[in-house]
Amino acid sequence: MRLSRSFLPILRETPKEAEIVSHRLMLRAGLIRQQSAGIYSWLPLGKRVLANIERIVREEQDRAGAIEVLMPTLQSADLWKESGRYDDYGKEMLRIEDRHERAMLYGPTNEEMITDIFRSYVRSYKELPLNLYHIQWKFRDEVRPRFGVMRGREFLMKDAYSFDIDEAAARRAYNRMFVAYLRTFDRLGVKAIPMRADSGPIGGDATHEFIVLAATGESAVFLDKAALDTPIPPADVDFDGDLTPIVAAWTEKYAATEEMHDKAVFEALPEDQRIEARGIEVGQVFYFGTKYSEPMGAKVTGPDGVEHAVHMGSYGIGVSRLVAAIIEASHDEAGIIWPESIAPYRVGLINMKAGDDATDTVCNAIYERLTNAGIEVLYDDLDQRAGAKFATMDLIGLPWQLIVGPRGLANGEVELKRRATGERETLTIDAAVNRLIAG
RNA sequence: CGGGGCAUAGCGCAGUCUGGUAGCGCAUCUGGUUUGGGACCAGAGGGUCGCAAGUUCGAAUCUUGCUGCCCCGACCA
């Protein structure tokens, strides 16, 4: 994409409403625009990041055997009356009336709807296990939305729902999502640690929150340092096999949110192994048994010829929140530092003297070669001063900057800068292009 | 939902106390000089001062009501 033809409204000054760094940077780098409290438009650069996160989430869900669907944002109140949550949910649920005065709502989550889909079609245990997910906008009318998309009212979430014949099978489904989440967050370039979370009446280890450590995180967390070095399962992990050793490797190390914190256990750890930090919840996995299948009549016939209410779990990833969480965990004074996997473009090509025939020609050639090689390039072809170009490129945080100017071209050279480290290397044009193509 | 704060040009702000022609910086546009870390000079455009009512000869400024937004807390992906 040529900068001259794109829409990248960057801000030099920080709008005053933005308090935390991710929010400031998202506004300044032109990722989002606030439309109302907790409600945002996604501008081109932000949209690309969101799409990249979605892509990785989707790949890992698919790998783990989950199947994508798409449910609507607006739901009928009837289903929620069946589960009893229409009255329980409270003011967080945005209630709407249509022209026929039917009670509707903007979905804050989809357990009821997915359970309805399931019960409409599935009759036999032979069709299990089943895990359906979608990536869709949710609305929760938060009392106090804040920190930009970190706690918005409208947010993009991946939510998966598993259906199994019994608790043992549901545990396996839980483990599949647990492992998928480890891989997903790792690929997104963040360290998200699964932590024991408050599971309400169900008890046990039926739920984990995946938390990214960041100073501006909303919750206090406590963990064993060893959790940070626990290996991430490989891409060829066998989701049909026994995943309990992987899950156990993570869950046996101490890691808990404030609500679940057990001081005695934590302090039994050697002092240099204890980490007290703050974190951002980016995902949660939850086993809740027959909480919805029972009241909503989602049953299958088992091998015993008897109908069983299915055991369910739900698994969420805050896709839009992740954008903010990743920035919180990866930025510096100058701006965002995108992990390669989700960067809106991999390379920022900077033409130091737009309008100069020689530099224009070289830039165009490089742009074409990289683009043809499938590399996403944002080409800064604007006629601006060097300082402004560097500042913009640092702000939007593309992993690589390829700097092309008359000074270097005199020797047939360009400069390649790594955003994360600031390292610069002077290379021939070919060497630089090949380096980027080689990855 | 309790407490606090803010609302003036696209963005950041001054002016409000003490009523009297709406200002500054950045951004934008034009011309020129510049050109490797947010240039300089000259000129220009851009505002129902959040909305409504009131007080007054006169309201950004005083009064009342409303709305929007932000922060702290309680609550939550």
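In what follows, every chain begins at residue 1, and chains take the letters A, B, ... in the order their sequences are listed. Values below: all heavy atoms of this structure, side chains included; hydrogens, waters and symmetry mates excluded.
- With P as the reference atom, B/rG73 and B/rC62 are 32 Å apart, rounded to whole Å.
- A/Glu19 places its CD atom 13 Å from the C1' atom of B/rC6, with the value rounded to the nearest Å.
- A donor-acceptor contact under 3.5 angstrom links the side chains of A/Ser41 and A/Gln35, judged on distance only.
- One can place CG of A/Leu94 at 18 Å from P of B/rA77, the figure rounded to the nearest angstrom.
- Nucleotides B/rC41 and B/rG5 have their C1' atoms positioned 42 Å apart, rounded to a whole Å.
- When the nearest nucleotides of RNA chain B are assigned to A/Glu218 and A/Arg33 by heavy-atom distance, the more 5′-ward of the two goes with A/Arg33.
- With respect to the salt-bridge test (charged N to carboxylate O, under 4.0 angstrom), the residues A/Lys138 and A/Glu154 do not qualify.
- For A/Arg424 and A/Glu415, the salt-bridge test passes: some basic side-chain N is under 4.0 Å from an acidic carboxylate O.
- Counting to the nearest Å, the C1' atom of B/rG12 and the CZ atom of A/Arg28 are 12 Å from each other.
- Nucleotides B/rG65 and B/rG4, compared at atom P, are 15 Å apart to the nearest Å.
- Nucleic acid contact for A/Gln34: sugar-phosphate only, since backbone atoms but no base atoms lie under 4.0 Å from a heavy atom of the residue.
- Ion pairing between a basic and an acidic side chain is recognised when a charged N comes within 4.0 Å of a carboxylate O; A/Glu111 and A/Arg85 show such pairing.
- Between the side chains of A/Glu112 and A/Ser83, at least one donor-acceptor pair of N or O atoms lies under 3.5 Å.
- Checking A/Asn351 against A/Asp360 by side-chain atom types alone, a donor-acceptor pair falls below 3.5 Å.
- In this structure, of B/rC1, B/rC6, B/rA77, it is B/rC6 that holds the atom nearest to the side chain of A/Lys16.
- Pairing each heavy atom of A/Ala343 with each of A/Asn52, the nearest pair is O-ND2, 3.0 Å.
- Using N1 to N3 plus N6-O4 or O6-N4 for Watson-Crick, or N1-O2 and O6-N3 for G-U wobble, each under 3.5 Å, B/rG54 pairs with B/rC62.
- No contact: A/Ser320 has no heavy atom under 4.0 Å from any strand.
- Going from atom CD of A/Glu142 over to atom P of B/rA74 covers 14 Å, rounded to whole Å.
- Near-neighbour residues of RNA chain B inside residues 37-61 of chain A, defined by a heavy atom below 4.0 Å, number-ordered: A/Ala37.
- Spacing between atom CZ of A/Phe147 and atom C1' of B/rC70 amounts to 11 Å, rounded to whole angstrom units.
- What separates CG of A/Asp383 from P of B/rU30 is a distance of 12 Å, to the nearest Å.
- Atom CD1 of A/Ile10 and atom C1' of B/rU28 are 14 Å apart (whole Å).
- A/Leu11 has its CG atom 12 Å from the P atom of B/rC13, to the nearest Å.
- Between A/Glu376 and A/Arg48 there is a salt bridge, since at least one side-chain N of the basic residue sits less than 4.0 Å from a carboxylate O of the acidic one.
- Under the side-chain contact (heavy atoms from CB on, under 4.5 Å) criterion, A/Ala29 pairs with A/Leu31, A/Ile336, A/Leu395, A/Ile396, not counting sequence neighbours.
- Using atom P as the reference point in both B/rA52 and B/rU8, the two lie 15 Å apart (nearest Å).
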Tabulate atom names and distances for all N/O pairs under 3.5 angstrom spanning the protein and nucleotides 24-26 of chain B.
from   : atom 1 : to      : atom 2 : distance (Å)
B/rG25 : N2     : A/Glu13 : OE1    : 2.8

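- Listed by residue number, the members of residues 385-418 of chain A with any heavy atom below 4.0 angstrom from RNA chain B are A/Arg385, A/Ala386, A/Gly387, A/Ala388, A/Phe390, A/Ala391, A/Thr392, A/Asp394, A/Ile403, A/Gly405, A/Arg407, A/Gly408, A/Glu415, A/Lys417.
- Residue-level contact check: A/Met352 touches the bases, meaning some heavy atom is under 4.0 Å from a base atom.
- Comparing the same atom, C1', in B/rA60 and in B/rA22 gives a spacing of 8 Å after rounding to whole Å.
- Heavy atoms of A/Gly152 sit under 4.0 angstrom from at least one base atom.
- The nucleotide whose nearest atom lies closest to any side-chain atom of A/Arg146 is, among B/rC1, B/rA77, B/rC71, B/rC71.
- Each of A/Lys417, A/Arg435, A/Arg418 was checked for a salt bridge (charged side-chain N to carboxylate O under 4.0 Å, His left out) with A/Glu425, and the lone residue meeting it is A/Arg435.
- Separation of the P atoms belonging to B/rG36 and B/rC17 is 49 Å when rounded to the nearest angstrom.
- With respect to A/Glu167 and A/Arg172, no salt bridge is recorded, no charged nitrogen being found less than 4.0 Å from a carboxylate O.
- As rounded to the nearest Å, B/rA9 and B/rG15 have P atoms that lie 15 Å from one another.
- One finds a salt bridge joining A/Arg187 and A/Glu60 here, because a Lys/Arg side-chain nitrogen approaches an Asp/Glu carboxylate oxygen to under 4.0 Å.
- Judged by distance alone, with hydrogens and angles left aside, A/Arg144 brings no side-chain donor or acceptor close enough to the base of B/rG4 to form a pair under 3.5 Å.
- A/Lys91 comes within 4.0 angstrom of the backbone, heavy atoms only, and of no base.
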Which atom pairs, donor and acceptor, lie under 3.5 Å between side-chain atoms of residues 141-150 of chain A and protein residues at least two apart or in another chain?
from     : atom 1 : to       : atom 2 : distance (Å)
A/Asp141 : OD1    : A/Arg153 : NH1    : 2.9
A/Glu142 : OE2    : A/Arg151 : NH1    : 3.2

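- A search for side-chain contact (heavy atoms from CB on, under 4.5 Å) contacts involving A/Arg58 returns A/Glu54, A/Asp62, A/Glu68, A/Tyr133, A/Ile135, not counting sequence neighbours.
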